[in-house]
Amino acid sequence: MDSISKFPFTNLPTELACRILRYSAQATFDQTDRYQIKSPYSSARTLCLVSKDVRRIVLPELLHTILLPKSENLNRFVDALRMQEEYAEIQKQNDLRLERGEEQIPNDLYFQYAPHIHKIWIGCIHDKIVPNPLLQSDYTSARKLTISVLTPVLLAAPSIALDSTSLKLFSECLEHAWKSRADTDASDEHSPPPWKTQALTLSGETVANGPWELLTNTPQGSAFLSSISHLAYGSHTTTFDYSFFAAMSYGRSRDYDLPLWMKSILWPSFKNLQTFSMAYPHIKPPFDLYDFYQFREGRKGRSFHVELLTLSAAMLTRGRDDARNWRISAFAEIGPGEECIRTEEVRLNVSHFPIEFWYDSDDWEKNWACGLCG
């Protein structure tokens, strides 16, 4: 061991050292461990503690994809945004001090989050977006403050994923952005909308009964839906249907049942929609039904490649009878990394790498974070 010389990291060229740090800080979304056991951000968090310079190098990697699966995660994220607002005020003071030739206030923790956030997942939060609401003297004001802090960062993300329980929160953010826009000169019909989101992913078992009217019955919600170019969806009910796997165990090829809520959606509202996608585990028949039962009961994880079924917007938005069969018939057998294009309107891709499924909410969070939902 003594014969092996140690090469000081500081001897590396700066550009190479920065590349190594950024690579080391990348989130491990494809890990086999559950996220609640091991955070996919653990490496980035550790590196942020090394020094202020290292922190600034790795923060963009940490912020690229934000996962907020529970209320407590959302609250901590909002607290971090509030702190950054305070640091931003200090930075404004420092800019003025610099112009006057005065000594600046130390402000090493200031960092603009929004430009580096590309994807945000908001999971099962229900209505708990204010920490300790019983301790708040004015809950309504506290909630409004939370919405005002979250909105500009959330709506700046090109890709947003929402659990059905977070649609109410999202509708409040849209309303806040819409009203703020109306209070400025940017409210004319030719100005861009107050969001940059192009891709929307929905998850959860209650989307069919979710508060869709919060989006479809408001001007800001309608405008948002009309601006979306890609819509995706994932749920255990649709993708792990027991009766389907029972049939597969006898060698039946996989058909793809689309969720019933798709029949009630006003697809023409999605004026700029290009594609709709759903992710499924890639499983070949015949399938061990007992093994599937063990997995479904949460007794063990299973490693699957991911199939991405993509439908064109034209297929969904044109008029049709509600009695239409909402099932896509089985594709020819394809393997990892391959694509099957049936028509211009229907295609299937299989991921290059597998991920670990646990039959819980982590499955769709992980699919989305790994970029496997389209």
Start with the C-alpha gap between Leu155 and Leu174, add the side-chain angles, then the distance that decides, and say whether side-chain contact (heavy atoms from CB on, under 4.5 Å) holds. CA-CA 8 Å; Leu155 297 185; Leu174 284 179; 4.1 Å; yes
For a side-chain contact (heavy atoms from CB on, under 4.5 Å) check, start with the C-alpha distance between Trp121 and Thr65, then their side-chain angles and the critical distance, and finish with the verdict. CA-CA 8 Å; Trp121 170 285; Thr65 301; over 6 Å; no
Is there a donor-acceptor contact under 3.5 Å from the side chain of Ser42 to the main chain of Ser39? yes
Are Arg302 and Glu356 close enough for a salt bridge, meaning some N to O gap below 4.0 Å? no
Tell me if the centroids of the rings in Phe304 and Tyr280 come within less than 6.0 Å of each other. no
Hey, is the main chain of Ala142 close enough, under 3.5 Å, to the side chain of Thr146 for a donor-acceptor pair? yes
Arg45 versus Cys48: any side-chain heavy-atom pair under 4.5 Å? no
Shared ILVMFWY cluster between Ile57 and Tyr110, side chains joined below 4.5 angstrom? no
Output the distance between atom CG (Leu225) and atom CH2 (Trp267), rounded to the nearest 0.5 Å. 10.0 Å
Any donor and acceptor pair, going by atom type alone, linking the side chain of Thr201 with main-chain N or O of Ala161 inside 3.5 Å? no
If we ignore hydrogens and angles and just use 3.5 Å, is the side chain of Ser227 paired with the main-chain N or O of Phe224 as donor and acceptor? yes
Strictly distance-based, threshold 3.5 Å: is any side-chain N or O of Thr218 a donor or acceptor partner for the main-chain N or O of Gly221? yes
Ala369 versus Leu67, closest heavy-atom pair with distance: CB-CD2, 4.2 Å
Taking the side chain as every heavy atom from C-beta outward, state whether Phe29 and Ile355 have any atom pair closer than 4.5 Å. no
Decide yes or no on side-chain contact (heavy atoms from CB on, under 4.5 Å) for Leu348 and Ile328, but give the supporting numbers first. CA-CA 11 Å; Leu348 186 74; Ile328 305 299; over 6 Å; no
Taking the side chain from Asn367 and the backbone from Leu372, do they hold a donor-acceptor pair closer than 3.5 Å? no
Indicate, with yes or no, if Met83 and Leu59 share a hydrophobic cluster defined by side-chain heavy-atom contacts under 4.5 Å among Ile, Leu, Val, Met, Phe, Trp and Tyr. no
Closest heavy-atom pair and its distance - Leu316, Met262: CD2-CE, 3.7 Å
Any side-chain heavy-atom pair from Val346 and Thr343 closer than 4.5 angstrom? yes
Val149 and Ile160: same hydrophobic cluster, using ILVMFWY side-chain contacts below 4.5 Å? yes
Should Arg82 and Glu86 count as an ion pair when the cut-off is N to O under 4.0 Å? no
Least distance between heavy atoms, Asp108 atom then Arg56 atom: O-NH1, 3.8 Å
Exam field: side chain Glu99 to backbone Leu96, donor-acceptor pair closer than 3.5 Å: no
Walk me through it: do Asp163 and Trp364 pass the test side-chain contact (heavy atoms from CB on, under 4.5 Å)? CA-CA 10 Å; Asp163 184 85; Trp364 306 116; over 6 Å; no
Check whether any side-chain heavy atom of Leu68 lies under 4.5 Å from a side-chain heavy atom of Ile66, and answer yes or no. yes
Which residue pairs pass the ring-ring contact (aromatic ring centres under 6.0 Å, His included) test with at least one member in residues 53-90, sequence neighbours excluded? His64-His118
Please determine if Arg100 and Glu102 form a salt bridge, counting it only when a charged side-chain N lies under 4.0 Å from a carboxylate O. yes
Gap between atom CD1 of Ile120 and atom CG of Leu63 - 0.5 Å precision: 9.5 Å
Taking only residues at least two apart or on different chains, which pairs with a member in residues 13-29 satisfy side chain to side chain donor-acceptor pair (under 3.5 Å)? Thr28-Gln31
Quick one: does Leu150's side chain get under 4.5 Å of Cys173's, heavy atoms only? yes
What pair of heavy atoms forms the shortest contact from Lys366 to Asp33, and how long is it? NZ-O, 4.2 Å
Does any part of the side chain of Leu258, heavy atoms only, come nearer than 4.5 Å to the side chain of Leu309, both counted from C-beta? yes
Any side-chain heavy-atom pair of Ser229 and Gln274 under 4.5 Å: yes
In terms of hydrophobic clusters joined by side-chain contacts under 4.5 Å, are Val54 and Leu16 together? yes
Nearest heavy-atom contact between Val350 and His305 is CG1-CB, 4.0 Å
With a 4.5 Å heavy-atom cut-off, do Lys92 and Asn94 have their side chains touching? no
According to the interplanar angle, ranging from 0 to 90°, do the rings of Trp195 and Trp178 count as parallel (below 30°), tilted (30 to 60°) or perpendicular (above 60°)? parallel
So, the side chain of Glu365 versus the backbone of Gly123: is there a donor-acceptor pair under 3.5 Å, distance only? no
Verify the neighbour count for atom CD of Gln36: are there more than 12 heavy atoms of other residues, nucleotides or ligands below 6.0 Å? yes
Cluster overlap Phe331 with Ile341, hydrophobic side-chain contacts below 4.5 Å: no
Over all atoms of both residues, closest heavy-atom pair of Val58 and Ala25: CB-CB, 3.6 Å
Under 3.5 Å, is there a donor-acceptor pair between the Arg347 and Ser312 side chains? no
Given the rule in the ring-ring contact (aromatic ring centres under 6.0 Å, His included) test, do Phe276 and His230 qualify, once you have shown the distances and angles that lead to the verdict? CA-CA 6 Å; Phe276 171 82; His230 180 69; 7.9 Å; no
Test your reading of the model: is there a side-chain donor-acceptor pair from Asn272 to the backbone of Ser226, 3.5 Å cut-off? yes
With no hydrogens and no angle check, is any side-chain donor or acceptor of Thr197 less than 3.5 Å from a backbone partner on Ala157? yes
Please enumerate all residues that pass salt bridge (Lys or Arg N to Asp or Glu O under 4.0 Å) together with Lys179, with sequence neighbours excluded. Glu175
Check for me whether the distance between the ring centres of Tyr41 and Tyr35 falls short of 6.0 Å. no
